[in-house]
Amino acid sequence: METRKVQVTGGSTYTVSIPKTWATDNDVEAGTEIEFHPDGDSLFLTPRSDSERTRGTLDIADLTGQALRRAVTTMYVSGFDVIELEAAEITTEQRSTIRDAVQSLVGLEVLEETRDRVVVQDLLDSSELSIHNAVTRMRLISLSMLDDAITALAERDHDLARDVIGRDDDLDRLWLVVSRIFRATLRTPKAAEELGLPREECFDYHSSARQLERIGDHATKIAHLTLNIDEPLPDEVVEAVSDLHGDAADVIDTAMDALFDDDTDAATRRANEARTSVRAIDERVRSIDELLRDLDPTRAQLLGLVVDSVLRSADYGGNIAETALQKAAPTP
């Protein structure tokens, strides 16, 4: 850390020098324009850039399959607007993997393809993205997935179960969008300004979005388990699991309401209500375990996994409630 004394010039202008090492590392010299970004009691400064698009290059010669897909996804989440993928010769298999990865990411398009190069670009205007809207959409999708997964289980509706599984891709796409936006706010104060949200609040949304993505994963797990059920389930078990789901969904909904509530007192009340409900759900699970003991071991194990997924979904709702409490707490 270096310190500088503030000087007054001309009687009314405050000036402060910047460290030479930082200036050299960031190509700052006489005449360079600097942007100032107020953030509470802090002031961030950054060299003004003529280009609004960040470019990244990746050598994919040794990457195939999931490794290549993850590499493209990582560069997207990291915030690159233009991604240049290069190799001495890009194979047909690699091109197919790149196209699949691009289709799974919001806003990306392949702009250029040659023998040794594929250029991918994000066509969305980052300033038009809303982390609040993305998380709101994730809330709707994850809760509907969980609800339909339980319905598919109760009715042994394999078509509905497959539909739930398919919707997980939509949830994952939104999760990656939220991650991209959040990382942008960490990288540059300008991104937070464009969102109109403090970076702490962006962190709260990102953290909660992760919980919603996990809820979607458990809804998908329940749907996969449902595909293995051909015989009717006992009515009392179906009713108990449905009631458990209703309680879990209420926890998630209440926690999300608390997260979005600008009234700190109301947000705190709702968040504590959600946390209390999670403890009550733990008690309900014990009674369901008693019902499962009367079933044959295979069905009991399968339904035990379903109950565990519903319980974990409620726990994720409790995590969102914890985040909502932190968001509502006074800032130092």
Side-chain angles (χ1 to χ4, degrees), residues 138-165 167-168 171 208-259 269-325:
M138 288 186 70
R139 172 189 185 177
L140 296 174
I141 294 176
S142 61
L143 283 171
S144 70
M145 285 175 66
L146 190 60
D147 182 61
D148 286 345
I150 297 300
T151 300
L153 174 75
E155 300 177 359
R156 291 176 294 125
D157 188 336
H158 289 186
D159 288 337
L160 182 57
R162 293 187 187 93
D163 183 69
V164 170
I165 294 169
R167 270 181 272 166
D168 192 45
L171 197 62
S208 299
R210 181 56 172 151
Q211 307 307 306
L212 295 173
E213 191 269 339
R214 288 171 174 166
I215 291 169
D217 287 343
H218 279 285
T220 301
K221 180 179 179 180
I222 294 171
H224 277 295
L225 292 169
T226 297
L227 296 177
N228 296 319
I229 297 177
D230 295 316
E231 297 298 324
L233 299 172
D235 290 340
E236 63 271 20
V237 173
V238 171
E239 182 177 352
V241 172
S242 296
D243 289 344
L244 181 68
H245 158 256
D247 291 344
D250 286 343
V251 167
I252 299 165
D253 249 338
T254 303
M256 289 301 300
D257 285 342
L259 182 73
R269 184 178 65 254
R270 284 174 166 165
N272 283 323
E273 178 185 334
R275 294 172 67 221
T276 301
S277 297
V278 172
R279 290 192 289 270
I281 288 175
D282 288 337
E283 294 297 324
R284 185 187 287 273
V285 169
R286 293 189 179 92
S287 65
I288 297 178
D289 288 340
E290 293 295 327
L291 293 175
L292 298 184
R293 289 177 183 175
D294 297 331
L295 302 178
D296 67 83
T298 301
R299 288 163 72 82
Q301 181 184 27
L302 186 150
L303 288 170
L305 293 173
V306 170
V307 170
D308 180 69
S309 284
V310 177
L311 175 59
R312 287 178 180 273
S313 296
D315 288 338
Y316 294 140
N319 292 343
I320 295 172
E322 292 282 358
T323 299
L325 283 175

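Keep in mind that the numbers below use all heavy atoms, side chains included, and drop hydrogens, waters and symmetry copies.
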Colleague: Mind checking what makes side chain to side chain contact (heavy atoms under 4.5 Å, CB included) contact with Asp253, not counting sequence neighbours?
Modeller: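 Per chain and number, Asp253 pairs via side chain to side chain contact (heavy atoms under 4.5 Å, CB included) with Arg139, Leu143.
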Colleague: Please tell me if the side chains of Leu225 and Leu153 come closer than 4.5 Å, counting only heavy atoms from C-beta onward.
Modeller: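 Not touching, per the 4.5 Å side-chain cut-off.
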Colleague: Can you see which heavy atom on Ala152 is nearest to which on Thr226, and at what distance?
Modeller: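 Smallest heavy-atom distance, with atoms named: O-CG2, 3.5 Å.
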Colleague: Could you pull out all residues at least two apart from Arg299 that satisfy side-chain hydrogen bond (donor to acceptor under 3.5 Å, both in side chains)?
Modeller: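 Scan of Arg299 (side-chain hydrogen bond (donor to acceptor under 3.5 Å, both in side chains), adjacent residues dropped) gives none.
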Colleague: How long is the span from the CD1 atom in Ile215 to the CE atom in Met145, to the nearest 0.5 Å?
Modeller: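 One gets 10.5 Å once the value is rounded to the nearest 0.5 Å.
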Colleague: Under the side-chain hydrogen bond (donor to acceptor under 3.5 Å, both in side chains) test, which residues partner Asn319, sequence neighbours left out?
Modeller: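 side-chain hydrogen bond (donor to acceptor under 3.5 Å, both in side chains) check on Asn319 returns Gln211.
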Colleague: Nearest 0.5 Å, please: how far is CG in Asp217 from CG in Leu171?
Modeller: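 Result: 7.5 Å between the selected atoms.
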Colleague: Using every non-hydrogen atom in the two residues, find where Ala255 and Ala321 come nearest and quote the distance to one decimal.
Modeller: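 Looks like CB-N, 3.7 Å.
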Colleague: Holding to salt bridge (Lys or Arg N to Asp or Glu O under 4.0 Å), I want the full list of residues that pass it with Arg293, two or more places apart in sequence or in another chain.
Modeller: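 Glu290.
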Colleague: With rounding to the nearest 0.5 angstrom, report the CG to OG1 distance, Asp168 to Thr220.
Modeller: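 These two atoms lie 3.5 Å from each other.
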Colleague: Before giving the answer on salt bridge (Lys or Arg N to Asp or Glu O under 4.0 Å), spell out for Arg270 and Glu273 the whole-Å C-alpha distance, their side-chain angles and the decisive distance to 0.1 Å.
Modeller: CA-CA 5 Å; Arg270 284 174 166 165; Glu273 178 185 334; over 6 Å; no
Colleague: So which pairs with a foot in residues 303-315 pass side chain to side chain donor-acceptor pair (under 3.5 Å), sequence neighbours left out?
Modeller: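 Side chain to side chain donor-acceptor pair (under 3.5 Å) check on residues 303-315 returns His218-Ser309, Asp308-Arg312.
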Colleague: Kindly compute the distance separating CG (Leu325) from CD1 (Ile320), expressed to the nearest 0.5 Å.
Modeller: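 It comes to 12.5 Å.
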Colleague: Identify, with sequence neighbours excluded, every residue that meets salt bridge (Lys or Arg N to Asp or Glu O under 4.0 Å) alongside Arg156.
Modeller: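 Testing Arg156 for salt bridge (Lys or Arg N to Asp or Glu O under 4.0 Å), a comparison that skips the adjacent residues, returns none.
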Colleague: Which one of Leu303, Val310, Val307 satisfies the side-chain contact (heavy atoms from CB on, under 4.5 Å) criterion with Ile288?
Modeller: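 Among Leu303, Val310, Val307, the one that satisfies the side-chain contact (heavy atoms from CB on, under 4.5 Å) with Ile288 is Val307.
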Colleague: Identify the two heavy atoms, one from Ala271 and one from Ala258, that lie closest to each other, and give their separation to 0.1 Å.
Modeller: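 For Ala271 versus Ala258, the nearest heavy atoms are N-CB, 3.7 Å.
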Colleague: Which residues pass the side-chain hydrogen bond (donor to acceptor under 3.5 Å, both in side chains) test with Asp148, not counting sequence neighbours?
Modeller: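 Counting only residues at least two positions away or on another chain, Asp148 forms a side-chain hydrogen bond (donor to acceptor under 3.5 Å, both in side chains) with Arg167.
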Colleague: Might you point out which heavy atoms bring Ser208 and Thr323 nearest each other, and give the distance in Å?
Modeller: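 Nearest heavy atoms, Ser208 then Thr323: OG-CG2, 3.8 Å.
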Colleague: State which residues pass side chain to side chain contact (heavy atoms under 4.5 Å, CB included) with Ala314; sequence neighbours excluded, sorted by chain then number.
Modeller: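 Per chain and number, Ala314 pairs via side chain to side chain contact (heavy atoms under 4.5 Å, CB included) with Ala248, Ile281.
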Colleague: With the side chain counted from C-beta on, respond yes when Asp250 and Ser277 share a heavy-atom pair under 4.5 Å apart, and no when they do not.
Modeller: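 No - every pair of side-chain heavy atoms lies 4.5 Å or more apart.
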Colleague: Would you name the heavy atoms of Ala161 and Leu227 that are closest together and state the gap between them?
Modeller: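 The answer is CB-CD2, 4.0 Å.
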Colleague: Scan residues 281-301 for pairs that pass ring-ring contact (aromatic ring centres under 6.0 Å, His included), counting only residues two or more places apart or in two chains.
Modeller: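 Matches after skipping sequence neighbours: none remain.
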Colleague: Would you give the length of the straight line joining atom CG of Leu305 to atom NE2 of His224, rounded to the nearest 0.5 angstrom?
Modeller: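 Going from the CG atom of Leu305 to the NE2 atom of His224 covers 13.5 Å.
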Colleague: Is Arg162 salt-bridged to Asp159, cutoff N-O under 4.0 Å?
Modeller: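 Here Arg162 pairs with Asp159 in a salt bridge, since their nearest N and O are under 4.0 Å apart.
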Colleague: Using atom types as modelled, flag every donor-acceptor pair under 3.5 Å from a side chain in residues 228-247 to any protein atom, sequence neighbours excluded.
Modeller:
{"from": "Ser242", "atom 1": "OG", "to": "Val238", "atom 2": "O", "distance (Å)": "2.9"}
{"from": "Asp247", "atom 1": "OD2", "to": "Arg284", "atom 2": "NE", "distance (Å)": "2.8"}
{"from": "Asp247", "atom 1": "OD2", "to": "Arg284", "atom 2": "NH2", "distance (Å)": "3.1"}

Colleague: Output all residues satisfying side chain to side chain contact (heavy atoms under 4.5 Å, CB included) with Ala209, sequence neighbours left out; order by chain, then residue number.
Modeller: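 With sequence neighbours excluded, Ala209 shows a side chain to side chain contact (heavy atoms under 4.5 Å, CB included) to Val135, Met138, Trp175, Val178, given in chain and number order.
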Colleague: When rounded to the nearest 0.5 angstrom, what distance separates OG in Ser287 from CG in Leu292?
Modeller: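 Going from OG on Ser287 over to CG on Leu292, the span is 9.5 Å.
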Colleague: If we only count heavy atoms from C-beta on, is the Met256 to Leu212 side-chain gap below 4.5 Å?
Modeller: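 The answer is yes; the side chains approach within 4.5 Å.
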Colleague: Side-chain contact test, heavy atoms from C-beta onward, threshold under 4.5 Å: evaluate it for Ile252 versus Leu146 and give yes or no.
Modeller: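 Ile252 reaches Leu146 side chain to side chain.
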Colleague: How would you list, by chain and number, every residue that makes a side-chain hydrogen bond (donor to acceptor under 3.5 Å, both in side chains) with Arg210, sequence neighbours excluded?
Modeller: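 By the side-chain hydrogen bond (donor to acceptor under 3.5 Å, both in side chains) rule, Arg210 matches Glu213.
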